[in-house]
Protein chains: 2
Amino acid sequence: MRQSSLHVPVSRRDRPAKAPLSRAAIVETGLDLLVAGGLANLSLRRIATALDTGSASLYVYVENLSHLQALMLDAAYGEIAYRPDLPPGERVGAALRSLRDVLLRRRGLAQIAAGTMPEGEKSLRLNEFLLDGLLEAGVPAERAAWGIDLLVLQVTAKAAELTAWREPGDVIARCERAYAGAPAETYPRLSQLHDLIFAGPGASRFDWALQVLIRGIADTPLPSRLDSSEHTAAPQQ
Amino acid sequence: MRQSSLHVPVSRRDRPAKAPLSRAAIVETGLDLLVAGGLANLSLRRIATALDTGSASLYVYVENLSHLQALMLDAAYGEIAYRPDLPPGERVGAALRSLRDVLLRRRGLAQIAAGTMPEGEKSLRLNEFLLDGLLEAGVPAERAAWGIDLLVLQVTAKAAELTAWREPGDVIARCERAYAGAPAETYPRLSQLHDLIFAGPGASRFDWALQVLIRGIADTPLPSRLDSSEHTAAPQQ
DNA sequence: ACCTGAACACCGTTCAAGT
DNA sequence: ACCTGAACACCGTTCAAGT
């Protein structure tokens, strides 16, 4: 460890004092690992390596891996674009398309979203915006209140499905072949409608799904006990 | 290893020749581990231990863990109860409720379903039945063809959400508190409708969600290029 | 208070070697 | 063809020890 007289000093300027650890730095590094290699690339050890420390050090800022994932998710939710300038009828769809884009921007984020409780305030913000949009568009309050859950769930699940199927290369093609190969005697409907089932670009299917949900939410009364009732909370399950 | 003269022989009858390994035995053991401890309890090494062998031996019958999970899912799909005796309008809902029950029967199965391509024939069976039910109920063919995807996705996602939130004890309560504590100035709609958002037992919310989707599917026309068009497949995305 | 190295108890997967 | 043990390259998490 003694410094030899031949030692050429190397400035530490280009890699100066390590950036101090922080929750924000950990979250951001986690998100970077996600875009680099998806959920399989995300681990506390890799984050620690990227931050030039050991994994044990992270536990000062983060309770555990799943807590970190919740923080990462909330950070990503902050990127959702809200368009209150749009007419009420379009606000909901626009916000949900933005949510989808955010979830697809980093591979694996949608899978995290599918299994993680939306704890953070960014999730409150999204739900507030959706609820307001539905109400402004004339959807009865109790249907809007139950409906936002369906909307977020559908978008999250669709995004998760897309990322899961994207990985192994030709899974979608394999699925389509499975449907194409379904014998017409056993699966008459599937073979009859095969072209229809797989028709259309993903974007228009997504938009159609949103329309289906919004229209269904607007038109479907709650079970009689709850519909148009006073604000007395019904018994929880 | 020499047998001492005092050795009392122990019959091998009660643990006779190991049951021969087989794909079915592996799948079943995997499902058992799921009910015992959820997804966290499922590993190739544990399955191997339960079958009295080493994890390497499983690779004769199964490509890898995710392939095994797909097989487990398909086996579970086999437990879905179909009621073709019901009137067409009720068949779809009944099958989807049964799907939910199957996914909730083993903890973690819904999470597998949320991330796994439905490859097996049992999934074809489900889709065939749903498609037929919608058509018999008078839903236009192209809407039914796109709609079954939404229905299965919603049920799967809801089941996955339920199992994910069930684990850590009081996550749901924590979420409800987060919503209850949302300041009325920032989140006027959420505070205003708080009671409504959390009202009602899970079962009636699930049924309502199905009604929303089915009604929306029946009433929402596809983008004009595809609706009521000939069976020419549109360009894939 | 924050960071570190080393350890603990796990993973999926591969591979040479046995039968 | 099927099974095995051992190894490889990883995990999350804990903990005593350092500063």
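All values below were derived from every heavy atom in this structure, side-chain atoms included, with hydrogens, water molecules and symmetry-related copies excluded. On a predicted model such as this, the values are computed, not experimentally measured, just so you know. The chains referred to below are lettered A, B, ... by the order of the sequence lines, with proteins before strands, and numbering in each begins at 1.
Salt bridge annotation for Lys122(B)-Glu79(B): absent, with no cationic side-chain nitrogen under 4.0 angstrom from a carboxylate oxygen. A salt bridge links Arg97(B) to Asp207(B): one of the charged nitrogens lies within less than 4.0 Å of a carboxylate oxygen. With salt bridges taken as basic N to acidic carboxylate O contacts below 4.0 Å, none links Arg23(A) and Glu28(A).
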Using a cut-off of under 3.5 Å, enumerate the N/O to N/O pairs linking the protein to nucleotides 11-14 of chain C.
from, atom 1, to, atom 2, distance (Å)
dC11(C), OP1, Ser43(B), OG, 3.3
dC11(C), OP1, Arg46(B), NH1, 2.2
dC11(C), N4, Arg45(B), NH1, 3.4
dG12(C), OP1, Leu44(B), N, 3.1
dG12(C), OP2, Leu44(B), N, 3.2
dG12(C), OP2, Arg45(B), N, 3.4
dG12(C), N7, Arg45(B), NH1, 2.6
dG12(C), O6, Arg45(B), NH1, 2.7
dT13(C), OP2, Tyr59(B), OH, 2.8
dT13(C), OP2, Leu65(B), N, 3.0
dT13(C), O5', Tyr59(B), OH, 3.1

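Stem analysis of DNA chain C (at least three stacked-register Watson-Crick or G-U pairs, each with both distances under 3.5 Å) gives C:4-8 with D:12-16, C:12-16 with D:4-8.
At distances below 3.5 Å, not a single donor-acceptor pair connects side-chain atoms of Asp74(B) with backbone N or O atoms of Ala70(B). Side-chain atoms of Ser57(B) never come within 3.5 Å of backbone atoms of Thr53(B) as a donor-acceptor pair (strictly under, hydrogens ignored).
Of the candidate nucleotides dT4(D), dC2(D), dC3(C), dC2(D) has the atom nearest to the side chain of Tyr61(B).
Taking 4.0 angstrom as the limit, Thr53(B) places none of its side-chain polar atoms (N or O) nearer than this to OP1 or OP2 of dC3(D).
Distance, Ile47(B) CD1 to dC10(C) C1': 16 Å, rounded to whole Å. Atom pair Ile26(A):CD1 and dC2(C):P shows a separation of 12 Å (rounding to whole Å applied).
Phe206(A) carries Arg100(A) over the face of its six-membered ring, with the cationic atom under 6.0 Å from the centre and within 45° of the normal.
Side-chain atoms of Tyr179(A) and Asn127(B) include a donor-acceptor pair closer than 3.5 Å.
Nucleotides dC10(D) and dA9(C) are separated by 22 Å at their P atoms, to the nearest Å.
Applying the side chain to side chain donor-acceptor pair (under 3.5 Å) rule to Glu161(A) yields the partners Lys158(A); only residues at least two apart in sequence or on another chain are considered.
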